[in-house]
Amino acid sequence: MRIRFGYVAMSTILKDCSPSHTITLNNLMKLSLSADRYKRLAALARMNIANTTRLFHHNRAHDIKVFRLTSKLVPLATHPELDGWDWRQELGADFKALGDLAIRDGLRISAHPDHFTLLNSQRYEVVEAAVKDLIFHEQILDAMGLDASAKLVIHVGGSYKEKPLARERFIENFCLLPDNIKARIVLENDDKSYSASEVLELCQQHKIPMVLDIHHHWCLNQGESIEEILPAVFATWDGESLPPKVHISSPRDGKNIRAHADHIDSRFFMGFLDAAGKLGRDFDVMCEAKAKDAALFQLLQHLAAQGYHFVDRASIDL
DNA sequence: ACCTGTCAAGTCTGG
DNA sequence: CCAGACTTGACAGGT
């Protein structure tokens with residue numbers, strides 16, 4: 001079985017390579033002509049796409065096949081003040097070229113809409129904004145020419161002191177989404193409200209692939225172990241063209257157990273590998289440490305030192 | 001070159 | 001009912 005590793009959105013190694021350049025609304029509005037505003041936004045987006053291209057080359061150089069796009073490729077894309085801007089028209093060719101590169105390199109692309117993208121909010125405007133944000137993310141993947149194997153990872157949302165109702169709201173709103181978005185959505189357990197077993201049940205009932213976040217599971221669980229739920233979690237990916245994915249990170253310190261540390265605790269991760277290895281099924285690992293690619297490289301070094309069998313610089317066989 | 005407050009966006013707690 | 005915590009990366013304005 002093969003395990004491939006990746007990291008999130010940006011590099012701490014490459015210099016001046018942020019894919020998330022933006023502008024504050026205040027400053028944008030200092031430009032009086034809307035054409036000038038759009039020009040500024042497009043320039044920022046092109047810089048972000050260019051830097052994401054550099055990240056793709058960086059990935060190829062290190063055999064990294066798993067990568068998450070930043071949600072900030074197009075500045076202010078879903079801001080209500082900027083509804084008039086057709087960024088797809090303006091940037092379509094740039095995104096297509098970026099997607100061609102991803103496909104050529106066999107990159108497994110995903111995106112993770114931010115924590116305010118809540119499909120199950122009690123407030124209508126919040127759900128509306130969440131749908132708008134999902135559409136935005138989907139349009140980027142679509143503009144890149146990526147098929148439904150490029151996923152959008154989201155959480156169930158808040159519990160609102162009425163979890164059964166909140167859960168139902170998620171399902172209702174999820175079912176109302178357009179098919180092209182539904183086909184991309186995968187659900188992740190979180191560290192405060194929806195545990196792995198709860199998310200798993202939702203995923204099984206509604207045929208949604210599930211991403212297991214090991215760190216979140218450690219923060220919030222019902223006493224269920226990784227070993228007992230992992231086969232069912234992986235089974236939610238049956239019928240998908242790509243293998244299941246897990247997220248890893250380590251607690252920052254004893255006081256902030258939910259916050260992400262700079263690096264991955266490789267001992268802890270090897271414990272997980274032991275459990276996962278018994279299933280004999282390929283999977284991808286997304287490293288969510290704050291040090292990004294540097295943390296991934298450090299983890300891979302630790303694995304190499306322990307004698308794991310590397311098939312290239314960023315994947316191992318068990 | 002470096003520092004600090006602020007930024008579009010939400011939820012939850014505690015006062 | 002409201003302020004603050006939680007938490008990410010980058011801007012913007014100042015020294």
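Within every chain, numbering begins at 1; the chains are lettered A, B, ... in the order of the sequence lines, protein sequences first and strands thereafter.
- Distance check: A:R68 CZ to A:Y7 OH gives 12.5 Å after rounding to the nearest 0.5 Å.
- Partners of A:H263 under the side chain to side chain contact (heavy atoms under 4.5 Å, CB included) rule, at least two apart in sequence or in another chain, are A:A291, A:A295, A:Q298.
- Across all strands shown, A:K30 has heavy atoms under 4.0 Å from sugar-phosphate atoms exclusively, and none from any base.
- Atom CG of A:N120 is separated from atom CD of A:E162 by 9.0 Å, given to the nearest 0.5 angstrom.
- A:R169 forms a cation-pi arrangement with A:Y160, by the criterion of a distance under 6.0 Å to the ring centre and an angle within 45° of the ring axis.
- On the P atoms, C:dT8 is 24 Å away from B:dC2, given to the nearest whole Å.
- B:dC12 and C:dG9: their P atoms are spaced 23 Å apart (whole Å).
- Among residues two or more places apart in sequence or in another chain, the side chain to side chain contact (heavy atoms under 4.5 Å, CB included) test is passed with A:F116 by A:D114.
- Under the salt bridge (Lys or Arg N to Asp or Glu O under 4.0 Å) criterion, the residue pairs touching residues 70-83 of chain A are A:D83-A:K132, with sequence neighbours excluded.
- Between A:K245 and A:D284 there is no salt bridge, since none of the side-chain N atoms of the basic residue sits less than 4.0 Å from a carboxylate O of the acidic one.
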Check step by step if side-chain contact (heavy atoms from CB on, under 4.5 Å) holds for A:D293 and A:H58.
-> CA-CA 10 Å; A:D293 53 341; A:H58 178 57; 2.9 Å; yes
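- Where DNA chain C meets chain A (any atom under 4.0 Å from a heavy atom), the bounding nucleotides read 5' to 3' are C:dT7 to C:dG13.
- With both ends at atom P, the span from C:dA10 to B:dT11 equals 26 Å, rounded to whole Å.
- Across all strands, A:A259 comes closer than 4.0 Å only to sugar-phosphate atoms, never to a base (heavy-atom distances).
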What is the per-nucleotide protein-contact pattern of nucleotides 4-15 of chain B, from the 5' end, where B denotes a base atom under 4.0 Å from a protein heavy atom, S denotes such proximity for sugar-phosphate atoms only, and - denotes neither?
-> ----BBSSSS--
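- Stem regions for DNA chain B, each three or more consecutive Watson-Crick or G-U pairs with both distances under 3.5 Å and listed by first number, read B:1-7 with C:9-15, B:10-15 with C:1-6.
- Comment: A:K151 engages A:E240 in a salt bridge, judged by a side-chain N to carboxylate O separation of less than 4.0 angstrom.
- Remark: the separation of the C1' atoms in C:dG4 and B:dT6 is 16 Å, to the nearest Å.
- For the pair A:H260 and A:L28, both in contact range of DNA chain C, the more 5′-proximal nearest nucleotide belongs to A:H260.
- With salt bridges taken as basic N to acidic carboxylate O contacts below 4.0 Å, none links A:D282 and A:R2.
- The separation of C:dG13 from B:dA8, taken at their P atoms, amounts to 12 Å, rounded to a whole angstrom.
- Counting all heavy atoms, side chain and backbone alike, A:V156 lies closest to A:F170 at O-CD1, 3.4 Å.
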